[in-house]
Amino acid sequence: MVLKVNYLNEKKYCDQIKKNIKTTKGNNDMSELNNIALKILSNGKGILAADESTGTMTKRLDAISVPSTPENRLLFRETLFSSESMKTCIGGVILYDETIKQNANSKKSIPELISASGTVPGIKVDTGAKVLANSSDEKITEGLDGLRERLKEYYKLGARFTKWRGVYVISDKYPSKLSIVSNAHSLARYAALVQECGMVPVIEPEVLMDGNHSAEVCLEKTSTVIKKCYEELTLNKVDLTGTILKPNMILPGSNSDKKITGEEVAKLTLKCLKEVVPKEVPGIAFLSGGQTEVQATENLNLINKHNDSNFIMSYSFGRALQQSALKFWSKDINNIKGTQDTFNHRANMCSLAAQGKWSKELETK
Ligand code: 13P
């Protein structure tokens with residue numbers, strides 16, 4: 001049975017999980033994965049994607065003139081992970097390989113620090129998107145070789161969910177069939193291995209915003225991409241009740257002069273996901289993909305206001321959760337409280353949006 005638990009208090013949520021967990025032996029593990037997925041996304045919680053590779057994090061720190069050392073990367077991330085809103089708004093944190101192996105100031109490991117807030121530690125396990133042979137404008141995500149062994153290590157370090165991102169570009173001829181099939185195949189093989197190792201795979205097929213295409217084109221291409229992913233996931237016998245989908249919202253290209261309203265974004269995004277995502281999937285956690293913090297929050301709020309699907313609709317934001325906090329932190333990297341206040345505000349806004357309770361007025365309160 002698939003659970004749909006929305007915004008119950010913690011006790012009711014646990015009781016409902018216990019009541020619904022299947023008791024036949026073969027299904028126990030999968031119930032546990034469903035349980036983890038719901039713990040991450042229920043009650044207005046979402047995911048903090050703090051899994052920037054060292055290269056990407058270095059770009060972010062260069063932009064604010066903070067030296068990109070392991071100590072500074074840890075200081076910023078630990079500041080977020082010890083914030084108050086971790087307990088109320090963040091159900092899961094996606095870490096990068098460097099961070100999951102670091103220790104916090106308190107000598108706790110980073111996964112222990114995260115778990116202490118009742119949040120589930122997760123890990124990015126792909127090794128990045130590389131040029132796709134025979135279609136050099138497109139990318140294929142790598143990291144399947146040796147993945148089973150790495151997963152076992154991450155599980156021992158405390159990870160209970162994982163992320164793999166496939167990227168797709170939009171143009172007249174892209175994404176090509178080759179990119180759609182290859183990335184779906186990799187995402188599905190990744191997800192099967194992750195479930196075998198007792199963790200929840202977050203499946204992220206990201207159709208990029210770059211370009212001057214319309215929202216309708218984004219809808220059509222995103223639908224094709226996601227549909228293929230579920231074909232491959234089914235072929236690989238992945239139990240969808242123990243997965244989370246991390247898609248882009250349906251938006252016009254960032255260079256398109258045809259802007260659309262948040263209401264239209266919500267309508268198109270819901271149309272896409274209701275048509276192509278199987279009902280067994282317990283939750284969907286959007287990436288922010290280059291939208292501003294407020295845009296991503298407003299769109300998520302509208303999606304939830306109109307959500308007539310059986311899916312929990314929440315967030316797995318990177319930039320849209322961290323941008324303001326990073327900017328604030330750059331002024332004084334030792335101002336922990338101020339940085340945490342900035343992050344708490346953002347996390348609270350995202351959590352309200354995940355419940356359809358956000359408003360512009362609350363942003364400025
Ligand atoms: P953004 O929310 O910044 O797009 O990042 C989400 C993410 O994890 C991309 O893989």
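Just follow the structure's listing: the first ligand is 1, and inside any ligand the first atom is 1.
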Taking non-hydrogen atoms only, is [X] closer than 4.0 angstrom to ligand 1 via side chain, backbone, both or neither?
X: Ala320; value: neither
X: Arg319; value: both
X: Ala49; value: side chain

For [atom], find the nearest protein heavy atom and state the residue, atom name and distance (0.1 Å precision).
atom: atom 7 (C) of ligand 1; result: Lys246 NZ, 3.2 Å
atom: atom 2 (O) of ligand 1; result: Ser288 OG, 2.5 Å
atom: atom 5 (O) of ligand 1; result: Gly318 N, 3.6 Å

For ligand 1, is there an atom lying under 4.0 Å from some heavy atom of [X]?
X: Ala296; answer: no
X: Gln322; answer: no
X: Lys163; answer: yes

In ligand 1, which numbered atoms sit nearer than 4.0 Å to a non-hydrogen atom of [X]?
X: Phe317; value: 2 (O)
X: Arg165; value: 9 (C), 10 (O)
X: Ser316; value: 6 (C)
X: Gly289; value: 1 (P), 2 (O), 4 (O)

(message) Around atom NZ of Lys259, are there more than 12 heavy atoms from other residues, nucleotides or ligands closer than 6.0 Å?
(response) yes
(message) Does atom NZ (Lys327) have a neighbourhood of more than 12 heavy atoms from anything else shown, all under 6.0 Å?
(response) no
(message) Less than 4.5 Å apart, side chain to side chain, heavy atoms only: is that true for Arg189 and His185?
(response) yes
(message) Taking the side chain as everything from C-beta on, heavy atoms only, tell me whether Trp329 gets closer than 4.5 Å to Ile64.
(response) yes
(request) To the nearest 0.5 Å, tell me how far Lys45 NZ sits from Lys87 NZ. (result) 11.0 Å
(request) Give, for atom CE of Met57 and atom CG of Asn72, the distance between the pair rounded to the nearest 0.5 Å. (result) 9.5 Å
(message) Between ligand 1 and Glu204, is the shortest N or O to N or O distance under 3.5 Å?
(response) yes
(request) Could you tell me whether some N/O pair between Gly290 and ligand 1 is separated by less than 3.5 angstrom? (result) no
(request) Indicate whether the side chain of Glu264 and that of Thr261 have a donor and an acceptor atom separated by less than 3.5 Å. (result) yes
(request) List, by chain and then residue number, the residues other than Trp358 in its hydrophobic cluster (Ile/Leu/Val/Met/Phe/Trp/Tyr, side-chain heavy atoms under 4.5 Å); write none if there are no others. (result) Val294, Met349, Leu352, Leu362
(request) Tell me, please, which residues at least two apart from Asn299 pass side-chain hydrogen bond (donor to acceptor under 3.5 Å, both in side chains). (result) Gln291
(request) May I have the step-by-step check of side-chain contact (heavy atoms from CB on, under 4.5 Å) for Ile36 and Glu32, ending in yes or no? (result) CA-CA 6 Å; Ile36 294 170; Glu32 182 53 26; 4.0 Å; yes
